[in-house]
Structures are given as C-alpha cells and as structure tokens.
Amino acid sequence: MVSTALASSLARRNIHYGWIVVGATFLTMLVTAGAMGAPGVLIKPLQDEFGWETSQISSALAIRLVLFGLMGPFAAAFMNYFGVRKVIVFALALIGTGFVGSLFMTSLWQLLLLWGIVVGFGTGLTAMVLAATISARWFTKHRGLVVGMLSASSATGQLVFLPLMAELTERYGWRSTVFFVCAMIMVAALAVLAFMRDRPSDLNLPSLGETHVTPPPARGTLVGALKTPITILKEISGTSTFWILFATFFICGLSTNGLIQTHFVTLCGDFGILPVAAASVLAVMGIFDFFGTIGSGWLSDRFDNRWLLFWYYGLRGLSLLFLPFSDFSFYGLSIFAVFYGLDWIATVPPTVKIAADRFGREKAGLVFGWVFAGHQLGAATAAYGAGLSRTELSSYLPAFFVAGAFCLLASILAITLKKSGLTEPAPATAH
C-alpha cells in the first residue's frame with residue numbers, strides 16, 4: 001500500500017508518518033471549511049434568482065451550523081467505531097451530494113434540506129473534533145501545535161477560497177461556485193483514500209513522542225459507541241469548567257462563523273463594496289488567522305490558557321465594536337481584517353488544552369465535542385439573528401454590537417476558571 005511504503009521511506013529519514021496524516025487532515029478540513037463558507041457569497045445571488053429573503057436563506061445556514069456542532073460528539077464515536085478514514089470519505093460524499101443536489105433546487109424547502117441538513121451532517125463529521133482526534137492518536141509531542149495547525153486549516157478554508165468563489169459567482173453565476181466546491185471535495189477524498197490511516201498501530205508505529213506501539217482499543221458495539229457521548233455529557237454537565245467552556249465557545253461561534261463568515265460579504269454590499277472586494281478582506285483575515293492560530297497552539301503549550309482566552313475574546317470584542325465605526329474604508333477594513341483575523345479561531349488550542357487538563361486525555365475529544373456543539377449553537381444564533389436584523393431593521397450593525405459585547409463577557413468568564421492542571425472530578429451520580 002502507498003501509506004506503508006511511504007511510512008517506511010519517511011522512517012529512514014527520521015520523519016514520522018503522523019505528519020502525512022496531518023497533511024491529509026489539513027486538506028480535508030480546509031476543503032470542508034471552504035464548503036461551509038461558500039454560502040456567504042451566495043446569499044445575494046439566491047435572493048436575485050429565487051426571491052428569498054435574507055432571513056429565509058439564513059434559516060438554512062443556521063440549521064447547517066447547528067448540525068455541524070451537534071454532530072461533533074457523535075462524530076468522535078463514529079470515528080472510534082468505523083475508523084477515521086471511512087468516516088471522512090462518507091462525510092465528503094455527503095457534502096458533495098448536498099451541493100450537487102442544490103444545482104437543481106427550485107424551492108426553499110430544498111435549500112433547507114440540502115444546505116441545511118445534508119451539508120450540516122457532512123461537515124459536522126469533519127469538524128474540530130477531527131483535529132482533536134488526530135492530534136490525540138498520532139501525537140504525544142507537539143500536540144498543541146498540531147491542534148493549532150488543523151484549527152487554522154478549518155478557519156482559513158472558510159475564508160481564503162471566498163475571493164475565487166465570489167469571482168466565479170460574479171462572472172458565471174452561483175452554480176459555478178457549487179461546481180468548484182465539488183471539485184475540491186473530490187481532490188480531498190482522493191488524498192484521504194491514499195494517505196489516511198486510522199491509528200499509528202495500523203502502520204506498526206508509536207505515536208510521535210512515544211517509543212512503544214499502542215494497540216487499538218477494543219471496538220465494542222455501535223450502540224455502545226453512540227451511548228458514550230451521552231454518558232460523558234452526564235458526567236461533565238455538573239462541573240463549572242464545562243459550562244464556562246461551553247458558554248465561551250457559544251460566544252466564539254456567535255462572533256465568528258455565524259456572523260462574519262455568513263454575513264460579512266452582504267454587510268459590505270450594504271456599504272457599496274463589491275462581493276469580490278469584500279471576499280478579499282475575508283481572505284486577508286484567513287491568512288492572518290492561519291498564523292494567529294498556529295501561534296496560539298504554540299502559546300497554549302507554554303502559558304496559562306485562561307489568560308490566553310481572556311485576551312483573545314477581549315481583543316475580538318473590541319475589533320467587532322470597532323467595525324461599525326471603520327466607515328468601511330480600505331484603511332478601516334484593513335485594520336479590522338488584521339486584528340480580527342489573528343484572533344478568528346485562536347481560542348481553539350487553549351480550549352482543547354483546558355478540556356484535556358480538567359477531564360483527562362481519554363475524554364478530551366468527546367468533551368471538546370460537546371463544547372464545540374455550544375460553538376455552533378452560537379454560530380446558528382448569529383446566522384439567523386443577523387439575517388433577521390437586516391430584514392427587520394434594514395441593518396446588520398446591531399448584531400455586530402451585540403457580538404462584540406458578548407465577547408467582552410467571554411473574556412471575563414475565561415479567567416473565572418480554576419487554575420488547576422488536575423482533572424476535575426465529575427459529580428457523584430447514583431448507581
């Protein structure tokens with residue numbers, strides 16, 4: 001097999017195959033995030049062709065974001081039972097089906113089904129939980145850095161493809177963007193089939209940073225795998241740490257995916273900025289986010305993660321409060337793009353680290369899955385709420401003021417976490 005031969009070749013050069021797995025995962029999350037971001041440049045074309053209101057289109061995007069988050073804990077269970085490779089390929093096929101089907105839609109319910117439910121399920125299977133799973137299985141050393149890299153790929157993918165998508169949409173119509181997304185999905189699927197393996201033990205390798213090969217755990221039953229996320233939720237729901245992480249990540253989603261990713265292009269259009277130019281601003285955010293999130297991963301291995309979250313949320317809140325006063329000039333938007341971009345998803349590595357420290361390595365993926373569900377509930381709230389604000393108040397700006405204020409609240413919540421690297425005990429339950 002390609003992976004076996006490549007692993008042997010890399011081993012002779014003292015390079016761990018885990019980095020190849022990271023590369024395949026990076027591409028997958030980049031592409032699926034691009035698929036998540038695509039509707040941000042398609043709201044106006046859909047309005048023009050079908051006559052749908054912003055709030056109606058936003059409802060489909062809100063459904064997608066909710067499912068994207070709620071699938072997280074169960075995605076981890078599916079990966080444990082079926083294997084990472086099979087789950088990723090199935091997810092990519094599901095996303096492709098949703099986009100191909102949208103080429104033929106004529107009614108709003110079809111948008112809700114295809115872009116809301118089908119794409120929501122597919123992207124949910126390749127959400128941030130995939131990054132947590134890959135980093136935990138393949139890396140003991142450099143784990144924070146790997147989480148930062150994969151988190152960066154997700155956020156960057158939501159943004160860097162947007163100028164090209166906007167250009168395609170403007171020149172050839174919104175369906176050309178759908179074809180582009182499907183082509184990216186095909187490339188990612190081929191890379192996963194060729195290079196992805198479920199665990200280091202599949203190639204008789206230890207994880208990077210260890211010396212012994214760890215055998216895979218017993219597979220168990222599918223019913224048992226599906227019960228595990230619920231069991232974990234019951235265990236952690238009585239702890240203050242979980243609810244603080246859940247609340248801050250709700251605000252994280254409220255101020256990123258649901259707001260900026262979904263509505264920024266349309267917001268800029270309200271101020272006379274063309275879609276391609278607005279998408280280019282998002283691409284700049286994506287570039288700065290890439291470095292900001294990887295830097296956050298490096299910092300999370302070295303500094304108090306509570307204070308990192310304090311600064312990240314605080315600075316993001318100030319940047320969102322600044323945006324309405326930027327006059328949407330080139331200079332003002334450039335300042336916003338740099339500061340907001342550096343902070344787009346820098347919150348992920350510290351949040352993952354806190355979850356692992358408080359609840360233990362084995363539970364970290366599932367705990368983060370539930371925390372990430374909070375993120376996407378916040379994103380869905382902003383996706384629909386901002387669309388409703390524009391429909392009812394003829395302005396997006398109230399939504400940006402609300403998001404900025406909530407970010408300042410999140411910065412305060414972050415430092416209320418207990419300063420402890422020890423596992424937080426779950427509350428006692430009756431047997």
Side-chain angles (χ1 to χ4, degrees), residues 37 40 43 54 58 61-62 65 151 154-156 158-159 162 247-271 273 277-289 292-293 296 308-348 350-351 374-390 393-415:
I43 292 177
T54 304
S58 297
L61 306 185
L65 289 167
S151 302
S154 181
T156 301
Q158 294 170 11
L159 304 176
L162 287 178
T248 54
F249 237 44
F250 178 94
I251 295 170
C252 183
L254 185 82
S255 56
T256 53
N257 304 54
L259 186 65
I260 296 293
Q261 175 196 321
T262 304
H263 294 290
F264 185 78
V265 172
T266 310
L267 166 70
C268 288
D270 291 345
F271 289 86
I273 300 173
S280 298
V281 175
L282 287 175
V284 171
M285 292 183 201
I287 293 169
F288 279 93
D289 162 75
T293 306
S296 176
L308 292 179
L309 291 178
F310 170 82
W311 285 108
Y312 294 160
Y313 284 117
L315 293 174
R316 183 189 300 173
L318 293 176
S319 67
L320 287 170
L321 293 173
F322 161 79
L323 180 61
F325 301 100
S326 68
D327 296 326
F328 289 84
S329 62
F330 174 80
Y331 178 73
L333 287 179
S334 297
I335 293 175
F336 174 74
V338 171
F339 282 95
Y340 184 89
L342 285 169
D343 198 11
W344 174 274
I345 206 164
T347 54
V348 172
T351 302
H375 183 281
Q376 294 311 114
L377 289 173
T381 301
Y384 181 74
L388 185 64
S389 173
R390 187 174 185 268
L393 304 175
S394 301
S395 175
Y396 277 125
L397 296 185
F400 282 81
F401 285 120
V402 169
F406 269 102
C407 285
L408 298 182
L409 173 62
S411 70
I412 296 172
L413 286 174
I415 58 173

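The model shown is predicted, which means the values in this text are computed figures rather than measured ones.
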Discussion item. With rounding to the nearest 0.5 angstrom, report the CG to CZ distance, Leu397 to Phe325.
Written reply: 9.0 Å
Worksheet item: Is Phe271 atom CZ crowded by more than 12 heavy atoms from other residues, nucleotides or ligands, each under 6.0 Å away?
Response: yes
Worksheet item: Given the rule in the side-chain contact (heavy atoms from CB on, under 4.5 Å) test, do Arg390 and Asp270 qualify, once you have shown the distances and angles that lead to the verdict?
Response: CA-CA 10 Å; Arg390 187 174 185 268; Asp270 291 345; 2.8 Å; yes
Fill in: Nearest non-hydrogen partners of His263 and Ala386, listed with the distance
CD2-CB, 3.5 Å
Response to the item:
Nearest heavy-atom contact between Val281 and Leu333 is CG1-O, 4.2 Å
Discussion item. Please find the pair of heavy atoms, one from Ala414 and one from Leu309, that lie closest to each other, and give the distance.
Written reply: CB-CB, 3.7 Å
Worksheet item: Would you find a donor on one side and an acceptor on the other, under 3.5 Å apart, between the side chain of Ser296 and the backbone of Gly292?
Response: no
Discussion item. What verdict does the side-chain contact (heavy atoms from CB on, under 4.5 Å) test give for Ser319 and Phe336, after you've listed the backbone C-alpha separation in whole Å, the side-chain angles of each residue and the deciding distance to 0.1 Å?
Written reply: CA-CA 6 Å; Ser319 67; Phe336 174 74; 4.2 Å; yes
Discussion item. Looking at Ser389 and Ser395, would you say the former's side chain and the latter's main chain have a donor-acceptor pair under 3.5 Å?
Written reply: yes
Discussion item. With a 6.0 Å cut-off (strictly less than), is the heavy-atom count around OH of Tyr396, excluding the residue itself, greater than 12?
Written reply: yes
Worksheet, complete the sentence: Value for CD1 (Ile43) from CG (Leu267), rounded to nearest 0.5 Å, stands at 11.0 Å
Worksheet entry | Backbone N/O of Asp343 and side chain of Arg316: donor-acceptor pair under 3.5 Å | yes
Worksheet item: Heavy atoms, side chains only, cut-off 4.5 Å: are Ile260 and Tyr340 in contact?
Response: yes
Item to complete: Check whether more than 12 heavy atoms from other residues, nucleotides or ligands sit under 6.0 Å from atom CZ of Phe322, and answer yes or no.
Response: yes
Worksheet item: In Å and rounded to the nearest 0.5 Å, what is the CG to CG distance from Leu388 to Leu393?
Response: 7.5 Å
Discussion item. Minimum heavy-atom separation for Tyr312 and Ala346, please, with both atom names.
Written reply: CE1-O, 3.3 Å
Practice prompt. Work out which heavy atom in Leu320 is nearest to a heavy atom in Phe400; give both atom names and the distance.
Written response: CD2-CD2, 4.0 Å
Fill in: Within-4.5 Å side-chain heavy-atom neighbours: Phe339 and Leu315
no
Worksheet item: Got a second to check how far Ile251's CD1 is from Leu413's CG, nearest 0.5 Å?
Response: 6.0 Å
Fill in: Between CG on residue Leu254 and SG on residue Cys407, distance to nearest 0.5 Å
7.5 Å
Discussion item. Measuring only between side-chain heavy atoms, which start at C-beta, is Ser255 closer than 4.5 Å to Phe406?
Written reply: no
Discussion item. Between Phe264 and Leu323, does the side-chain contact (heavy atoms from CB on, under 4.5 Å) criterion hold? Intermediate values first, please.
Written reply: CA-CA 11 Å; Phe264 185 78; Leu323 180 61; 4.3 Å; yes
Item to complete: Report the C-alpha distance between Leu408 and Tyr313 in whole Å, list the side-chain angles of each, state the deciding distance to 0.1 Å, and finish with yes or no for side-chain contact (heavy atoms from CB on, under 4.5 Å).
Response: CA-CA 6 Å; Leu408 298 182; Tyr313 284 117; over 6 Å; no
Discussion item. If you compare all heavy atoms of Cys252 against all heavy atoms of Thr347, which two are closest, and at what distance to 0.1 Å?
Written reply: SG-OG1, 3.2 Å
